[in-house]
Chemist: 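Have a look at this one before I ask anything.
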Amino acid sequence: MVDTTTPSSVPAIQPSKTGNVSSPTNAHNHLHQLLDHCVELGASDLHLGTGEVPFFRNRGRMIRADQFERLDGDRIRQLALAMVGETLDEQITRRGAIDGSLTGRDGSRYRFNVYVSQGVLAIAIRRLDDQIRPLSELGLPDSLYSLADLRDGLVIVSGPTGSGKSTTLATLIDRINRQHQSHIITIEDPVEYLHPSQKSLVHQRQLGIDCPSFHDALVASLRQDPDVILVGEIRELETIRIAITAAETGHLVFTTVHAGDSVGVIERITSVFPAEEQAGVRRQLALVLRANISQKLIVADGPAVIADEQRGSNEVKRRVIASEVMRVNSAVANLVASGKSHQIYSVIESGSAAGMQTLDQDLARLMKEGLISERTAMAYANNPAIVADRFARMRQRKVQ
C-alpha cells in the first residue's frame with residue numbers, strides 16, 4: 001500500500017494535446033489536473049487506461065473526457081509512478097495490482113488501484129467523501145452512536161465491496177475521537193479518512209508502509225496501549241482469532257467482514273476455524289460481539305429523487321444505504337452460542353425497541369421517504385411481502 005500527498009506547490013495546467021508527462025513533476029501536474037477535473041464534475045471515479053482518454057464515472061455513468069489526450073503506455077507508467085513510487089515494477093510483478101491512497105491539492109482524499117490489463121497498466125481512482133458525515137446523512141439510525149460509547153467488545157460492519165463500510169466506520173471513529181479520551185489505533189488498507197487527534201490520541205497505520213499485514217499490526221497493537229482498535233478487514237483465521245482476543249481483553253474493536261447479513265457474518269467467521277474449534281468460537285462470539293451493521297448501497301430512483309431532478313436540484317443523493325442492524329442482547333447471544341444463528345433474523349424483526357432493524361424494514365422506510373421505487377425495493381428485499389406490509393403500515397400511520 002502507498003499513501004501519496006500532494007506536492008507543496010503544484011502549478012495548475014490546462015488540458016493539453018501535447019502535454020509531456022515524462023518527468024516526475026509533469027506527472028504530478030497531470031495527475032492533479034485530472035483529480036481537479038474529477039472534483040469539478042462531481043465524479044465518483046476516474047479511470048485511466050493505456051491508449052484511452054480518461055473516463056469519469058458521474059451519477060453511475062461512464063463519461064469520456066475527450067478534451068484530454070489519449071494516454072500511451074509511458075504516460076500511464078509515469079502517472080502510476082507518481083502515485084506508487086519506485087517500487088511500482090516490483091509490486092506489480094509480485095501481486096499484479098497495487099492499492100493505495102492519495103490527497104489532492106484541494107485536500108480531497110482518493111483511493112486508487114494500479115493494475116495490469118492485457119499486459120499494460122491501468123489505473124482506477126475513487127474519490128472519497130470530502131468530510132466525515134453524521135449517521136443521519138449516511139441514512140443510518142442515530143442510535144448507532146451508542147456503539148462509540150462501548151468500553152469493549154467487537155463491532156462489525158458488513159456488506160459487499162463498495163457498500164460504504166469504511167465510511168460508516170469513519171463516522172463512529174470520529175465520534176469517539178471527538179467525545180472520548182482514548183487511544184485509537186487504526187489498521188487500514190489503505191487509509192481512506194484522516195483522523196487528526198482531538199480528545200483522543202489517534203494513530204493510523206497503513207498496510208505496506210507502516211505494517212506488513214493486518215495480523216502482524218493487530219498483534220503489535222496490543223502492546224501499544226490502545227483503547228480502541230479499528231482493523232480494516234478480518235478474513236484469515238489468525239487475524240480473526242486475535243481480534244476476538246482483543247475484544248475479550250478489554251478493547252473495543254471495529255472491523256469489516258464481506259457478508260450479506262448478520263447471520264452470514266457469524267457463519268463466515270465461524271467457518272474459517274477447524275470444525276473442532278467452531279463450538280468454542282461461537283461461545284466466544286456470543287460474549288464479545290456487540291453489534292453488526294449490514295449495509296447495501298442502492299441507486300436512489302424514488303419519487304422524491306425524480307422530483308428533485310425535475311427542479312434541477314444539485315443536492316440529489318444518487319445512492320442511499322439500506323441496512324440491517326443487529327444488536328447482541330441475551331436472546332441473540334444465546335442463539336449464537338448454541339449454533340442456532342438461523343433464528344436470529346426473527347429476533348431482529350421484533351427488536352426495534354432495542355435498536356434493531358431488518359433490511360426489509362429499512363427498504364420500506366426508503367420507499368416511504370420517496371428515495372427508492374417499489375421495483376428497486378422488491379429487487380433487494382429478502383421477503384418482498386414483508387416490505388410491502390411494512391410500507392402499507394407506515395403509510396397508514398402517516399394518514400392517521
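Worth knowing before you read on, the calculation uses all heavy atoms, side chains too, and leaves out hydrogens, waters and symmetry mates. Everything numeric here is computed off the predicted structure, so don't read it as measured data.
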Chemist: Consider only side-chain N and O atoms of Asp149 and Ser146, and report whether a donor and an acceptor are under 3.5 Å apart.
Modeler: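 Per modelled atom types, Asp149 and Ser146 side chains form no pair under 3.5 Å.
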
Chemist: Report whether Leu172 and Leu201 are members of the same hydrophobic cluster (ILVMFWY, side-chain heavy atoms less than 4.5 Å apart, transitive linking).
Modeler: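 Different hydrophobic clusters.
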
Chemist: Determine the minimum heavy-atom distance between Asp142 and Ser136, stating which atoms define it.
Modeler: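 It is OD1-N, 3.6 Å.
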
Chemist: Of the options Glu277, His215, Glu236, which is the one that meets Arg241 in a side chain to side chain donor-acceptor pair (under 3.5 Å)?
Modeler: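 With Arg241 as partner, Glu277, His215, Glu236 yield a single side chain to side chain donor-acceptor pair (under 3.5 Å), made by Glu277.
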
Chemist: Any donor and acceptor pair, going by atom type alone, linking the side chain of Thr256 with main-chain N or O of Ser158 inside 3.5 Å?
Modeler: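 Absent.
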
Chemist: Checking Arg109 side chain against Val191 main chain: does a donor-acceptor pair fall under 3.5 Å?
Modeler: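 Yes.
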
Chemist: Indicate yes or no for a side-chain donor-acceptor contact from Lys199 to the backbone of Ile176 under 3.5 Å, with no hydrogens or angles considered.
Modeler: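 Looks like no, no N/O pair under 3.5 Å.
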
Chemist: Run the side chain to side chain donor-acceptor pair (under 3.5 Å) test against Arg64 and tell me which residues pass, sequence neighbours left out.
Modeler: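 Residues passing side chain to side chain donor-acceptor pair (under 3.5 Å) with Arg64: Asp66.
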
Chemist: Just by distance, no angles: are the side chains of Gln204 and Glu188 close enough, under 3.5 Å, to form a donor-acceptor pair?
Modeler: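 Glu188 and Gln204 do have a side-chain donor-acceptor pair below 3.5 Å.
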
Chemist: Go through the side-chain N and O atoms of Ser108 and Asp106 and say whether any donor and acceptor fall under 3.5 Å apart.
Modeler: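 Present: a donor and an acceptor within the cut-off.
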
Chemist: Counting only N and O atoms by type, is there a donor-acceptor contact under 3.5 Å from the side chain of Thr93 to the main-chain atoms of Asp89?
Modeler: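 Answer holds: yes.
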
Chemist: Treating Ile, Leu, Val, Met, Phe, Trp and Tyr as nodes and any side-chain heavy-atom pair under 4.5 angstrom as an edge, say whether Ile386 and Leu366 lie in one connected cluster.
Modeler: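 No, it is not one cluster - the side chains of Ile386 and Leu366 are not joined through contacts under 4.5 Å.
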
Chemist: If the condition is side chain to side chain donor-acceptor pair (under 3.5 Å), which residues does Asp227 pass it with, not counting sequence neighbours?
Modeler: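 Asp227: no side chain to side chain donor-acceptor pair (under 3.5 Å) contacts found.
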
Chemist: Around Gln198, counting heavy atoms of other residues, nucleotides and ligands shown, do more than 12 lie under 6.0 Å from its CD?
Modeler: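 For Gln198, atom CD is crowded (more than 12 foreign heavy atoms under 6.0 Å).
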
Chemist: Identify the heavy atoms of Ser262 and Glu324 that sit nearest to each other, and give their distance.
Modeler: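 In terms of heavy atoms, the two residues are closest at OG-OE2, 2.6 Å.
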
Chemist: Do Arg70 side-chain atoms and Gly51 backbone N/O form a donor-acceptor pair below 3.5 Å?
Modeler: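 It does hold such a pair.
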
Chemist: Assess whether side-chain contact (heavy atoms from CB on, under 4.5 Å) is satisfied between Leu335 and Val347, documenting all intermediate values.
Modeler: CA-CA 10 Å; Leu335 292 173; Val347 178; 3.8 Å; yes

Chemist: Quick one: list whatever passes side chain to side chain donor-acceptor pair (under 3.5 Å) with Asn58, sequence neighbours left out.
Modeler: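 Per chain and number, Asn58 pairs via side chain to side chain donor-acceptor pair (under 3.5 Å) with no residue.
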
Chemist: Hey, could you give me the CG/SG distance between Leu35 and Cys38, rounded to the nearest 0.5 Å?
Modeler: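 So the gap between those two atoms works out to 7.0 Å.
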
Chemist: Would you find a donor on one side and an acceptor on the other, under 3.5 Å apart, between the side chain of Lys296 and the backbone of Gly159?
Modeler: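 Absent.
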
Chemist: When you compare the side chain of Asn334 with that of Lys340, does any pair of heavy atoms fall below 4.5 Å?
Modeler: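 No, side chains not in contact.
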
Chemist: Quick one: pull up CG in Asp174 and NE2 in His195 and give me the separation to the nearest 0.5 Å.
Modeler: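 Answer rounded to 0.5 Å: 6.5 Å.
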
Chemist: Are Phe254 and Ile156 packed together at the side-chain level, in the sense that at least one heavy-atom pair is separated by less than 4.5 angstrom?
Modeler: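 No, too far: nothing below the 4.5 Å cut-off.
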
Chemist: I'd like to know whether Ser373 forms a side-chain hydrogen bond (donor to acceptor under 3.5 Å, both in side chains) with Asp301, so could you lay out the CA-CA distance, the side-chain angles of the two residues, the decisive distance to 0.1 Å, and finally the verdict.
Modeler: CA-CA 6 Å; Ser373 66; Asp301 62 351; 3.1 Å; yes

Chemist: Answer yes or no: are there more than 12 heavy-atom neighbours, outside Arg94 itself, under 6.0 Å from its atom CZ?
Modeler: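 Enclosed.
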
Chemist: Grab the two heavy atoms, one from Asp360 and one from Asn382, that are nearest each other, plus how far apart they are.
Modeler: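 Reported closest heavy-atom pair: OD1-N, 2.9 Å.
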
Chemist: So, does Asp389 use its side chain to make a donor-acceptor pair with the main chain of Ala385 at under 3.5 Å?
Modeler: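 No: the side chain of Asp389 does not pair with the backbone of Ala385.
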
Chemist: Restricting to non-hydrogen atoms, name the atom on Ala377 and the atom on Met367 that form the minimum distance, rounded to 0.1 Å.
Modeler: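 Closest heavy-atom pair between Ala377 and Met367: CB-SD, 3.4 Å.
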
Chemist: Walk me through it: do Asp36 and Arg105 pass the test salt bridge (Lys or Arg N to Asp or Glu O under 4.0 Å)?
Modeler: CA-CA 8 Å; Asp36 289 347; Arg105 52 187 162 197; 2.6 Å; yes

Chemist: For the residue pair Gln181 and Ser200, confirm or rule out a side-chain donor-acceptor distance under 3.5 Å.
Modeler: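 Side-chain D/A pair, Gln181 to Ser200: absent.
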
Chemist: Is any side-chain heavy atom of Pro303 closer than 4.5 Å to a side-chain heavy atom of Ile306?
Modeler: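 The answer is no; the side chains never approach within 4.5 Å.
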
Chemist: Is the shortest side-chain N to carboxylate O distance from Asp362 to Arg365 below 4.0 Å?
Modeler: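 Answer for the salt bridge query: yes.
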
Chemist: Would you check if the side chain of Asn113 reaches a backbone N or O of Ala124 as a donor-acceptor pair within less than 3.5 Å?
Modeler: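 Flag not set: sc Asn113 to bb Ala124 has no pair under 3.5 Å.
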
Chemist: Does any donor atom in the side chain of Thr249 or His251 lie under 3.5 Å from an acceptor atom in the other side chain?
Modeler: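 Yes, because at least one side-chain N or O of Thr249 sits under 3.5 Å from a partner of the opposite role on His251.
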
Chemist: Counting only heavy atoms from other residues, nucleotides and ligands, does the tally under 6.0 Å from CD of Glu276 exceed 12?
Modeler: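 Yes.
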
Chemist: Under the side-chain contact (heavy atoms from CB on, under 4.5 Å) criterion, do Thr186 and Arg205 qualify, and how do the steps go?
Modeler: CA-CA 6 Å; Thr186 76; Arg205 308 190 70 199; 5.9 Å; no

Chemist: With hydrophobic residues grouped by side-chain heavy-atom distances under 4.5 Å, do Phe273 and Val265 end up in a single group?
Modeler: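 Yes, because Phe273 and Val265 connect within a single hydrophobic cluster, where side-chain heavy atoms sit under 4.5 Å apart.
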
Chemist: Nearest heavy-atom pair of Val325 and Pro141: which atoms, and what distance?
Modeler: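 Scanning both residues, the minimum pair turns out to be CG2-CG, 4.4 Å.
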
Chemist: Please report the interatomic distance CD(Glu192) to CZ(Arg126), rounded to the nearest 0.5 Å.
Modeler: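 So the gap between those two atoms works out to 9.5 Å.
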
Chemist: Are Thr168 and Thr171 linked by a side-chain donor-acceptor pair shorter than 3.5 Å?
Modeler: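 Short answer, no.
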
Chemist: Same cluster or not: Val116 versus Val114, using hydrophobic residues (I, L, V, M, F, W, Y) connected whenever any side-chain heavy atoms lie under 4.5 Å apart?
Modeler: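 Yes.
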
Chemist: Answer yes or no: is there a donor N or O on one side and an acceptor on the other, between the side chain of Thr376 and the main chain of Ile372, under 3.5 Å?
Modeler: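 No; judged by distance alone, with no hydrogens or angles, the pair does not exist.
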
Chemist: Would a line drawn from the ring center of His37 to the ring center of Phe68 be shorter than 6.0 Å?
Modeler: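 Judged by ring-centre distance (under 6.0 Å), His37 and Phe68 do meet the cut-off.
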
Chemist: Should Ile76 and Phe55 be counted in the same cluster of Ile, Leu, Val, Met, Phe, Trp and Tyr side chains packed under 4.5 Å apart?
Modeler: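 No, no single cluster joins them.
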
Chemist: Donor-acceptor check, side chain of His183 to backbone of Asp225, threshold 3.5 angstrom: yes or no?
Modeler: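 Yes: the side chain of His183 pairs with the backbone of Asp225.
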
Chemist: Please step through side-chain contact (heavy atoms from CB on, under 4.5 Å) for the pair Ile344 and Val336, ending with a clear verdict.
Modeler: CA-CA 8 Å; Ile344 288 173; Val336 173; 3.8 Å; yes

Chemist: Val387 vs Met378, test: side-chain contact (heavy atoms from CB on, under 4.5 Å). Steps then yes/no.
Modeler: CA-CA 7 Å; Val387 177; Met378 298 310 171; 4.1 Å; yes

Chemist: Can you check whether Leu218 reaches Ile229 side chain to side chain, under 4.5 Å on heavy atoms?
Modeler: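 SC-SC contact between Leu218 and Ile229 confirmed.
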
Chemist: Would Arg175 and Tyr145 count as a cation-pi pair here, with the cationic atom under 6.0 angstrom from the ring centre and within 45° of the axis?
Modeler: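 Checked: cation-pi criterion met.
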
Chemist: Taking atom types as modelled, is there a side-chain donor on Thr255 or Glu233 under 3.5 Å from an acceptor on the other?
Modeler: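 Side-chain D/A pair, Thr255 to Glu233: absent.
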
Chemist: What's the shortest heavy-atom distance between Ser341 and Arg282, and which atoms?
Modeler: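 The pair with the smallest heavy-atom distance is OG-NH1, 4.0 Å.
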
Chemist: What's the separation between atom CD1 in Ile240 and atom OG1 in Thr245, rounded to the nearest 0.5 Å?
Modeler: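 The CD1 atom of Ile240 sits 11.5 Å away from the OG1 atom of Thr245.
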
Chemist: Do Gln91 and Thr87 pair up side chain to side chain, a donor and an acceptor below 3.5 Å, judged on atom types alone?
Modeler: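 Yes, because at least one side-chain N or O of Gln91 sits under 3.5 Å from a partner of the opposite role on Thr87.
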
Chemist: Is any side-chain heavy atom of Met83 closer than 4.5 Å to a side-chain heavy atom of Ile123?
Modeler: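 In short, these two side chains touch, coming nearer than 4.5 Å.
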
Chemist: What's the separation between atom OG in Ser166 and atom CG in Leu230, rounded to the nearest 0.5 Å?
Modeler: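 Ser166 atom OG to Leu230 atom CG measures 8.0 Å (nearest 0.5 Å).
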
Chemist: Distance from Ile234 atom CD1 to Ile187 atom CD1, nearest 0.5 Å?
Modeler: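 Ile234 CD1 to Ile187 CD1: 11.5 Å, rounded to 0.5 Å.
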
